[in-house]
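Working notes for the structure below.
All ligand and atom numbering here is 1-based and tracks the order in the structure.
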Amino acid sequence: MKKFATLFTIAAAATVLVSCGDNGASKKLTVGFSQIGAESDWRKASTTSIQEEAAKRDINLIFSDAQQKQENQIKAIDSFIAQGVDVISFSPVVSSGFEDILKKAKAAGIPVILFDRTVDVSEDGLYQCYIGSDFVEEGRRAANWIVENVGEEAGIAELVGTVGSAPATDRAKGFREVLEKHPGLKIVKSQSGDFTRSQGKEVMEQFLKSPEKDQIKVLFAHNDDMALGAIQAIEEAGKKPGKDIIIISIDGVKEMFKAILAGKANCTVECNPMIGGQLFDIAQKMMNKEEFPARVPSQEGVFDSKSITQEVVDGRKY
Ligand code: GYE
């Protein structure tokens with residue numbers, strides 16, 4: 001992949017030389033970005049990061065909101081190709097089904113940066129860089145926190161993210177990888193809440209009415225928004241979230257920090273949405289014919305009541 005990235009840089013560089021004016025000054029960088037939607041606080045923070053960083057760097061950003069629909073993302077990417085943008089970037093709502101449009105971008109000679117989520121493709125070279133988190137590791141971190149803080153025996157309910165999306169698939173995988181070594185920790189319910197607060201609440205209500213309801217000692221939600229919805233459902237069912245049911249999720253948004261500080265949730269594994277700057281750094285490198293990495297990982301931590309104070313909450317930007 002790295003080799004390809006380098007080769008691609010040289011090809012992109014050749015294009016940029018042609019597109020420079022007579023005086024050799026480089027033109028303003030145009031980036032087409034297809035965002036998934038506004039399903040969570042994490043997503044909203046990610047959009048803000050992209051838009052603010054583009055404005056700061058005077059990048060011509062063509063931003064398109066897909067409202068959670070893959071077909072809208074494909075249409076947006078198609079229109080970026082037709083407009084001849086310099087770089088295409090997107091957060092794929094699901095992993096499969098992007099192969100044809102990525103082939104079209106490649107044929108048009110437009111480099112692609114995957115932002116936040118990955119895709120499944122059967123051949124190399126359909127994208128040049130992935131900037132984002134290691135979702136498998138996030139799942140492992142969540143499970144390890146349970147092992148260390150809850151113990152070896154507990155029934156776990158899981159609120160899964162968008163079915164077929166990289167974070168849902170990989171978080172579930174990393175979580176199970178650790179659980180396999182701890183047979184007393186059992187997943188007793190597992191269902192998708194599509195990464196939204198409203199569906200997190202709805203699915204938790206069903207969990208709490210199910211025959212397994214009394215076995216649920218821990219809730220693992222694939223994102224904070226679903227956990228925040230579940231907290232409401234647990235309270236409405238007359239139970240104490242954070243105590244009767246231990247709650248752990250992923251993202252690290254301010255609302256979840258507040259819930260942990262209030263004792264209504266227990267842990268959040270950080271997933272960093274503020275990666276717009278890294279996106280444009282790479283896009284600029286592509287255009288400047290400089291080398292760039294094929295993978296840019298995010299730096300992230302784990303937060304629980306031991307690390308969250310009012311100051312931490314106040315300092316959180318999203
Ligand atoms: O965890 C969730 C969002 O792709 C990492 O998408 C992202 C996930 C994030 O809707 O809140």
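Side-chain atoms of W145 and D304 include a donor-acceptor pair closer than 3.5 Å. A donor atom on one side chain and an acceptor atom on the other are found under 3.5 Å apart for E158 and H222. With no hydrogens or angles considered, a side-chain donor-acceptor pair links Q83 and S79 at under 3.5 Å. Donor-acceptor pairing under 3.5 Å is lacking for the side chains of D120 and S96.
Of all atoms in ligand 1, numbered sequentially from 1 with element shown, those under 4.0 Å from a heavy atom of C271 are 5 (C). Each of the atoms 2 (C), 3 (C), 10 (O), 11 (O) of ligand 1 lies under 4.0 Å from some heavy atom of S40. Near E39, meaning under 4.0 Å from one of its heavy atoms, ligand 1 places the atoms 3 (C), 6 (O), 10 (O). Taking every non-hydrogen atom of P167 and a distance limit under 4.0 Å, the qualifying atoms of ligand 1 come out as 4 (O). Listed by number with element, the atoms of ligand 1 under 4.0 Å from a non-hydrogen atom of F135 are 5 (C).
Of all the listed residues (D116, I250, T118), D116 holds the heavy atom that lies closest to atom 7 (C) of ligand 1.
Here's the thing with H222: none of its N/O atoms is less than 3.5 angstrom from an N/O atom of ligand 1.
Close to ligand 1: R171, with a non-hydrogen atom less than 4.0 angstrom away.
Between R141 and E137, at least one side-chain nitrogen of the basic residue sits less than 4.0 Å from a carboxylate oxygen of the acidic one, meeting the salt-bridge criterion. R176 and E180 are not joined by a salt bridge, as no carboxylate oxygen comes within less than 4.0 angstrom of a charged side-chain nitrogen. The existence of a salt bridge linking K27 and D86 is confirmed by a sub-4.0 Å separation between a basic side-chain nitrogen and an acidic carboxylate oxygen.
Closest protein heavy atom to atom 8 (C) of ligand 1: R117 NH2, 3.7 Å. Nearest to atom 1 (O) of ligand 1 among the protein's heavy atoms is D251 OD1, 2.6 Å.
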